[in-house]
Amino acid sequence: MEIKNIRLAKSESRLYNIEKKLHFEPFFRYLESFTKGDVSPDGMIPLFALERIREIEQVNGRLCNQNLSAYKDILQLIYSLSVSLIDTDPKRYWALATPLAEETFYGTEAFFELWKNELEEQDLQDEMQDGGILNNQEKLIYALIFERLYGLPAKENNTIVYYHLNEQGEIIDYYDLNIDFKFVDIKPKKELPQFDVGHLTKNANDTSLFDWNNVVNTIKIEDFELSGFTILTVKKSSLEHTLKRIQSILLDLATYNYHLFLSDLEKIIAPILKGSDTVFSLFPLFQLNGLPFFDYSITNKSILISETYASTNYTNINPEVANYLKHPHLIFHNTMDGIKNTTSVFEERIKTSGVKTYLCIPLIHNHALSGILEIYSHQLDQLDNETIHSLRELVPLLSQLSHDITTEFKKRIDEIIINRFTTIQPAVQWKFNHIAAQYIQELENDEQNAQIKPVIFEEVYPLYGAIDVKDSTIIRNASILKDFSFKVKQLALLIDELSLDGTHQVIIAFSKRVDQIAESLDHISFDESMVKIIEFFRKDVQPFLDAARRQFPTKHAIIEHYARHFFTNRDTGEFYRNEFETSLRQVNHIISKELNHFNSFIQGNYPSYFQKFRTDGIEYDIYVGESITPQQTFSYEFINVFRRQQIISMARIALKAHHAKRDLPLALETTQLIFINPHSIDISFREDERRFDVEGSLNIRYEIIKKRIDKIRIKRTKERLTQTNKIAIVYLSDEILEDLNLSIQAIYDMGIIESTVEHLKLEDVQGIVGLKAIRLTVNLNYRDFS
């Protein structure tokens, strides 16, 4: 035990300006409570303490900072009275402090040794939240004032949490400092301020949630006098706080990248592990198609699961590992006084890895293996009983954690499959679930006519759009013919090379055939040309090359050089077609990316069904209505908003495609087409095609119009409606014009389209009469893509 002053509160704290007195008066009252009337055996020690304190006071005066040494025996007695005389733990963290608990004056060597670590305070949370106005000791003094003088409920305990950081700034230990104010008197220096508790709280129904700005302005702790002393005890609490931190981040698991989560978890677990080189490895047991799925970015620290044991092909699992996963059990090596139970391949693996101490705990949740926990070290004696006890306390929570991570993993897989690989999108998933549940219920009830009912959405508003690559068929055909023409020219060059050795019958015959093919490319249709050319290369070219190799053995290298160009080869034989396909992919990527933004906008405002179709561009259908999203109130205004955003989306596609032209291998341009159907329609899911289609004969007209307007012309002209750098909007009924014109004006105000608006009548097509269109011109100088 030693007399020593250590500041606990921050040096700038207002506590140092408060009037406080260090004396024994509250302690006297406590001791006197045992000595009233006949002194029982329990009162002998308090009676002796009182007499001894009074003797010292007569000689040295009342207790103060200047005469602490004279009271050392009494301070030791207080220690003995406050802790068990039987418990002689030399590492007990205990001290006496001033009434405000801002500074110590006496304590155990262990306490003062602990404080040499420059522990960091953790702000009090719960009802003591103050936005940085008060430090921890000040909050506790306010709580003491409210409890003693106003009768307001106090905190459950007066505890401040401290943590110890290593050189890397990582938490390696937690300590709870408990402050006992039992021997502290508190008095107001002037009349006690009166106030309405409701005005000091953030919530009138909860008097514990103080608004500390109001509290500090109403009550000044400088207006109070404190006297006596406080008793401080410290308990190492790494396990408790580790549990709390894991529980708190579990709540945010869905927002985590699980790699980062497990990295954070390692840091959280560190305080309960012994030795800086002790390794913590936890990996959830993912199941994929009924088999364990190992992510080596997580399992790379594992001794049990490593690349030595499992192939990157997840279906090929080491038999020893597979057997362990079926029959998991505790594995320990040199833990708890050198005990080990490892057998077979795991024993050898531990030895060859250089690990001296190893513990493997299977994590079980709901009677199933959810993950594997491994703790190991290259040093001995790093897994003692205290560490193993702490790990045992963590196992239920870590088992839950592994289960939650694997559940989240499965959820994300399902979301990807739903969003990317099937037509059952989130907006309509609920309907399929409902239909499936009804069917299961009918089966369970043994209904004879149990069947899956059709999935129908009634009265939905369709939005249709098509982005086409202008003249894509013509450009593709021309590219293919260029490639074949190039091949034919290469054959002519080969013939010239071989003719240098003299005229041979095989060359003469094949040369005539090449001339015929070359001439036909300029005079017949593309389809006829393709038939003739493909037949020529299949039946004539290969036999000629074989004959040439035999006839001209000295020309073998030249023959092989040209032969590389004659058959399908994406590096040499399809150069022009590759240019076209590469350019088309890049344009479609631009379109898809912009449509994804458009879809995100729609789903964020009113979840709807969105389906795309790939052609040489992209077509899409959107269906919006209350029958798809019944949990959200539908307003027709959603349709107006979406149509406006649809036009903006089309303008952005036209702009981006235009600016991308100069970077494409082959310059391609796009046209943009929108069809506005004035009324709602019904749609149903077609199981045979796994997509939605219109329901009922009255709604088929919508599909017919969509199919017949892609190449429609302006009435009494030969001009196609769809043009590059323009947006064509086709409609039937003038009732949509008022809302549409408002949208167009708003888009013009953005600067993304020009002021020219063309109102056009369209030619009659089979079964469709009276179609009209509005054509907008995109402002190619627009630059704001935010």
Side-chain angles (χ1 to χ4, degrees), residues 460-470 590-592 594-599 601-602 608-613 615-624 636 638-658 669-681 694 701-714 720-748 750 752-754 756-762 765 768 770-779:
V460 296
Y461 287 87
L463 283 79
Y464 170 77
I467 303 95
D468 190 31
V469 175
K470 183 174 173 58
I590 291 170
I591 298 170
S592 290
E594 192 57 48
L595 289 181
N596 287 340
H597 286 309
F598 178 36
N599 186 30
F601 174 85
I602 289 175
S608 307
Y609 187 81
F610 189 108
Q611 62 184 7
K612 293 188 294 185
F613 310 94
T615 57
D616 274 349
I618 295 179
E619 294 180 55
Y620 62 86
D621 278 307
I622 304 168
Y623 300 113
V624 187
Y636 187 78
F638 283 119
I639 305 302
N640 290 329
V641 171
F642 292 166
R643 283 175 179 163
R644 181 181 306 174
Q645 192 64 30
Q646 184 182 24
I647 298 171
I648 294 171
S649 172
M650 288 294 198
R652 287 167 62 94
I653 289 170
L655 272 167
K656 291 185 177 182
H658 172 76
E669 298 179 304
T670 62
T671 63
Q672 292 70 224
L673 174 66
I674 293 171
F675 171 55
I676 296 180
N677 196 67
H679 306 297
S680 63
I681 62 174
V694 295
R701 183 176 174 82
Y702 167 74
E703 287 292 332
I704 293 173
I705 293 175
K706 279 169 40 181
K707 286 178 172 60
R708 294 181 182 172
I709 60 175
D710 62 329
K711 293 180 175 58
I712 199 168
R713 300 178 185 275
I714 298 171
R720 289 269 293 270
L721 171 64
T722 54
Q723 299 291 330
T724 59
N725 306 323
K726 293 180 182 288
I727 303 168
I729 305 171
V730 177
Y731 65 96
L732 265 171
S733 172
D734 290 343
E735 66 183 83
I736 56 96
L737 282 180
E738 182 178 353
D739 291 331
L740 185 58
N741 287 331
L742 289 174
S743 292
I744 291 172
Q745 181 61 46
I747 297 168
Y748 169 70
M750 292 171 56
I752 199 168
I753 60 173
E754 296 181 357
T756 304
V757 179
E758 301 174 82
H759 291 269
L760 308 168
K761 292 184 178 181
L762 304 179
V765 293
I768 308 295
L771 286 174
K772 305 173 187 177
I774 290 176
R775 196 161 63 183
L776 310 175
T777 303
V778 177
N779 177 12

Quiz item: Are Leu655 and Ile752 close enough, and set up right, to give a side-chain contact (heavy atoms from CB on, under 4.5 Å), and what steps lead you there?
Solution: CA-CA 9 Å; Leu655 272 167; Ile752 199 168; 3.8 Å; yes

Can you list everything that forms a ring-ring contact (aromatic ring centres under 6.0 Å, His included) with Phe610? Sequence neighbours excluded, please.
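So Phe610 forms a ring-ring contact (aromatic ring centres under 6.0 Å, His included) with Tyr620.
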
List in chain and number order the residues that pass ring-ring contact (aromatic ring centres under 6.0 Å, His included) with Phe642, two or more places apart in sequence or in another chain; answer none if no residue qualifies.
->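 Residues passing ring-ring contact (aromatic ring centres under 6.0 Å, His included) with Phe642: none at all.
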
Check: Gln645: what forms a side chain to side chain contact (heavy atoms under 4.5 Å, CB included) with it, not counting sequence neighbours?
Finding: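 Partners of Gln645 under the side chain to side chain contact (heavy atoms under 4.5 Å, CB included) test: Phe598, Phe601, Ile648.
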
Query - Sequence-distant partners of Ile768, side chain to side chain contact (heavy atoms under 4.5 Å, CB included), two or more places apart - result: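 With neighbours one apart ignored, the set is Arg701, Ile704, Ile705, Val765, Leu771.
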
[atom2] on [Y] to [atom1] on [X], rounded to 0.5 Å:
X      : Y      : atom1 : atom2 : value
Ile676 : Leu463 : CD1   : CG    : 8.0 Å
Leu595 : Arg652 : CG    : CZ    : 11.0 Å
Tyr461 : Tyr636 : OH    : OH    : 6.0 Å
Met650 : Leu673 : CE    : CG    : 7.0 Å
Tyr609 : Asn599 : OH    : CG    : 11.0 Å
Ile674 : Ile774 : CD1   : CD1   : 10.5 Å

Taking the side chain as everything from C-beta on, heavy atoms only, tell me whether [X] gets closer than 4.5 Å to [Y].
X      : Y      : value
Ile729 : Ile647 : yes
Thr777 : Ile753 : no
Ile639 : Val624 : yes
Ile681 : Tyr623 : yes
Arg775 : Leu760 : yes

Looking at [X] and [Y], would you say the former's side chain and the latter's main chain have a donor-acceptor pair under 3.5 Å?
X      : Y      : value
Arg713 : Leu721 : no
Gln646 : Tyr464 : yes
Glu754 : Leu776 : no

Closest contact, heavy atoms only, Leu732 versus Gly770: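 Result for this residue pair: CD2-O, 3.9 Å.
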
Considering all heavy atoms of both residues, which atom of Lys706 and which atom of Ile709 are nearest to each other, and what is their separation?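 Looking at all heavy atoms of both residues, the shortest contact is O-CG1, 3.7 Å.
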
Short N-O contact, Glu669 and Lys470, less than 4.0 angstrom: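 Lys470 and Glu669: not salt-bridged.
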
- Query: Hey, is Lys726 close enough to Glu758 for a salt bridge, meaning N to O under 4.0 Å?
  - Reply: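 Yes, this pair counts.
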
Restricting to side chain to side chain donor-acceptor pair (under 3.5 Å), what partner residues turn up for Tyr702, sequence neighbours left out?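 So Tyr702 forms a side chain to side chain donor-acceptor pair (under 3.5 Å) with Asp621.
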
Can a side-chain donor-acceptor contact be found between Thr670 and Gln672 if the only test is distance below 3.5 angstrom?
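A donor-acceptor contact under 3.5 Å links the two side chains.
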
#### Entry: side-chain contact (heavy atoms from CB on, under 4.5 Å) assessment of Val460 paired with Ser680
CA-CA 5 Å; Val460 296; Ser680 63; 5.9 Å; no

| said: Using the rule given for side-chain contact (heavy atoms from CB on, under 4.5 Å), can you reason through Thr671 versus Gln723, listing the C-alpha separation, both sets of side-chain angles and the distance that settles it, and then say yes or no? | reply: CA-CA 5 Å; Thr671 63; Gln723 299 291 330; 5.6 Å; no

Which atom pairs, one a donor and one an acceptor, fall under 3.5 Å between side chains of residues 734-748 and the rest of the protein, sequence neighbours left out?
| residue | atom | partner | partner atom | Å |
| --- | --- | --- | --- | --- |
| Asp734 | OD1 | Lys772 | NZ | 3.1 |
| Asp734 | OD2 | Lys772 | NZ | 3.1 |
| Glu735 | OE1 | Ser733 | OG | 3.1 |
| Asn741 | ND2 | Leu737 | O | 3.2 |
| Ser743 | OG | Arg644 | NE | 3.4 |
| Ser743 | OG | Asp739 | O | 3.3 |
| Gln745 | NE2 | Asp749 | OD1 | 3.0 |

- Item | Glu619 vs Lys612, salt bridge (Lys or Arg N to Asp or Glu O under 4.0 Å): CA-CA, chis, key distance, verdict | CA-CA 6 Å; Glu619 294 180 55; Lys612 293 188 294 185; over 6 Å; no

Checking side chain to side chain contact (heavy atoms under 4.5 Å, CB included) against Ile653, which of Val778, Ile618, Ile467 comes through?
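Going through Val778, Ile618, Ile467 one by one, the side chain to side chain contact (heavy atoms under 4.5 Å, CB included) with Ile653 is satisfied by Ile467 alone.
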
